[in-house]
*Asks:* 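Okay, handing you the structure first.
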Amino acid sequence: VPRLIAIGLTAGVFSALFGVGGGIILVPLLLLLAAYTPHAAAATSLGAILLTSAAGALLYGLRGDVRPAYAALVGIPAVAGAVLGTGLQHRLSGRALTLAFAGLLAAIGVWLIAG
Amino acid sequence: MSTTTVILAVTLGLAAGVLAGTFGVGGGILFVPALLALGLGQVEAGATSLLAIVPTAAVGVLRQRGRGVLRPKDALAIGLASFAGIEVGIQVATRLDESLLRRLFGVLLLVVAAQLAVQRLRHTRRYPGGS
């Protein structure tokens, strides 16, 4: 339990700082520190993300930083994508998909640093 | 906002959802750039991304249910512990210079991209623990 609390605290700081759910940091920490299997780490991470992002959205919302219309603009297609994602997972090569995702993130990263 | 940026936002949103379903993340890593492209500031984009993550992660959790891999007590412990961290993160994010925060986020994306590529390019992949 102390490890889970430390993992949660770290994920919370990360989440609020960058506006991410914390899955990026939760999944590796669960694998390394809590001896999780990859599937259990991904699933449990999603459960924790739900709580973390809801609390983060609420606290930022109280400060007036949340723009609900914009959240809907990206969030609604994402819900459709999440439903599709599980179905597509079995058809796409995991390796090609991961490398394409890595390429996309790298391109966005360069754009953010340079811009 | 122009039609092009709206199409871009919707496309990135859709991609974020597919990734959430596939990799078990909430999709924020793509929401933030999409919101920045729409003209939001870094703090606003992060705050708004958190709201967009809620339904996406909820769908992911519902789809995982019944597979027996989600550990609800652990998820609850981590989620509750994260609340204290969130307050720290908000204080830091709102005090930092936005362009510095944006560059730090860019660095984070490069690190995640490198980590994913290295993991995938290794032929034999081992996980600590396991069952």
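By convention in this document, chain letters (A, B, ...) are assigned in the order of the sequence lines, proteins followed by strands, and residues within each chain are numbered from 1.
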*Asks:* Does one hydrophobic cluster hold both Phe83(B) and Leu9(A), with members joined at side-chain heavy-atom distances below 4.5 Å?
*Replies:*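 No; Leu9(A) is not reachable from Phe83(B) via cluster members.
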
*Asks:* Under a 4.5 Å cutoff for heavy-atom pairs, which residue among Glu44(B), Arg103(B), Arg71(B), Lys73(B) has the most contacts with chain A?
*Replies:*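 If we count pairs closer than 4.5 Å to chain A, Arg71(B) comes out on top.
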
*Asks:* With a 4.5 angstrom heavy-atom cut-off, which part of Val88(B) approaches chain A: side chain, backbone, both or neither?
*Replies:* side chain

*Asks:* Picking from Val10(B), Val92(B), Val32(B), which has the most non-hydrogen pairs under 4.5 angstrom with chain A?
*Replies:* Val10(B)

*Asks:* Give, as side chain, backbone, both or neither, the part of Val1(A) having an atom under 4.5 angstrom from any heavy atom of chain B.
*Replies:* neither

*Asks:* Pick one of side chain, backbone, both or neither for Arg3(A), based on which atoms fall under 4.5 Å of a heavy atom in chain B.
*Replies:* neither

*Asks:* Between atom CH2 of Trp111(A) and atom CZ of Arg102(B), what is the distance when rounded to the nearest 0.5 Å?
*Replies:*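 Trp111(A) CH2 to Arg102(B) CZ: 5.0 Å, rounded to 0.5 Å.
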
*Asks:* What do the steps show when you test Leu112(A) against Ile108(A) for side-chain contact (heavy atoms from CB on, under 4.5 Å), and what is the final call?
*Replies:* CA-CA 6 Å; Leu112(A) 290 175; Ile108(A) 297 171; 4.1 Å; yes

*Asks:* Walk me through it: do Thr52(A) and Leu50(B) pass the test side-chain contact (heavy atoms from CB on, under 4.5 Å)?
*Replies:* CA-CA 9 Å; Thr52(A) 307; Leu50(B) 288 174; over 6 Å; no

*Asks:* Hey, which of Val59(B), Ile90(B), Leu96(B), Leu109(B) has the most heavy atom pairs under 4.5 Å with chain A?
*Replies:* Ile90(B)

*Asks:* Enter the distance from Leu99(A):CG to Leu116(B):CG here, rounded to the nearest 0.5 Å.
*Replies:*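 Going from CG on Leu99(A) over to CG on Leu116(B), the span is 8.5 Å.
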
*Asks:* Select one option (side chain, backbone, both, neither) describing which atoms of Leu104(B) are under 4.5 Å from chain A's heavy atoms.
*Replies:* both

*Asks:* Shorter than 4.5 Å, heavy atoms on both sides: which option in Ala11(A), Ala6(A), Gly47(A), Gly12(A) has the most such pairs with chain B?
*Replies:* Gly12(A)

*Asks:* Please rank Ser82(B), Ser99(B), Ala9(B), Ala114(B) by heavy-atom pairs under 4.5 Å with chain A and give me the top one.
*Replies:* Ser82(B)

*Asks:* Out of Ala75(B), Ala93(B), Ala77(B), return the one with the most heavy atom pairs under 4.5 angstrom to chain A.
*Replies:* Ala75(B)

*Asks:* Would you mind telling me which of Gly109(A), Ala78(A), Gly75(A), Gly103(A) has the largest number of heavy-atom pairs within less than 4.5 Å of chain B?
*Replies:* Ala78(A)

*Asks:* Does any backbone or side-chain atom of Gln91(B) lie under 4.5 Å from a heavy atom of chain A? Answer side chain, backbone, both or neither.
*Replies:* neither

*Asks:* For Val111(B), is it the side chain, the backbone, both or neither that has a heavy atom under 4.5 Å from a heavy atom of chain A?
*Replies:*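 Interface part for Val111(B): neither.
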
*Asks:* Quick check on the hydrophobic clustering: are Leu51(B) and Leu14(B) connected, directly or via other members, by side-chain heavy-atom contacts under 4.5 Å?
*Replies:* no

*Asks:* Can you tell me which portion of Leu30(B) sits under 4.5 Å from chain A's heavy atoms? Options are side chain, backbone, both or neither.
*Replies:* side chain

*Asks:* Would you give the length of the straight line joining atom CG of Leu31(A) to atom OG1 of Thr37(A), rounded to the nearest 0.5 angstrom?
*Replies:* 8.0 Å

*Asks:* Could you check Ile49(A) against Leu26(A) for side-chain contact (heavy atoms from CB on, under 4.5 Å), going step by step and ending with a plain yes or no?
*Replies:* CA-CA 9 Å; Ile49(A) 288 168; Leu26(A) 273 175; 4.1 Å; yes

*Asks:* Taking every non-hydrogen pair under 4.5 Å, which of Val61(B), Leu35(B), Asp74(B) racks up the most with chain A?
*Replies:*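 Among Val61(B), Leu35(B), Asp74(B), the one with the most close pairs to chain A is Asp74(B).
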
*Asks:* Name the region of Leu58(A), side chain, backbone, both or neither, that has any atom closer than 4.5 Å to a heavy atom of chain B.
*Replies:*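 For Leu58(A), neither part sits under 4.5 Å from chain B.
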
*Asks:* Let me check something: do Ile113(A) and Leu17(A) share a hydrophobic cluster, defined by ILVMFWY side-chain heavy atoms less than 4.5 Å apart, either directly or through other members?
*Replies:* no

*Asks:* Once you round to the nearest 0.5 Å, how far does CG of Leu30(A) lie from CD1 of Ile7(A)?
*Replies:*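 Rounded to the nearest 0.5 Å, the CG-CD1 separation comes out at 5.0 Å.
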
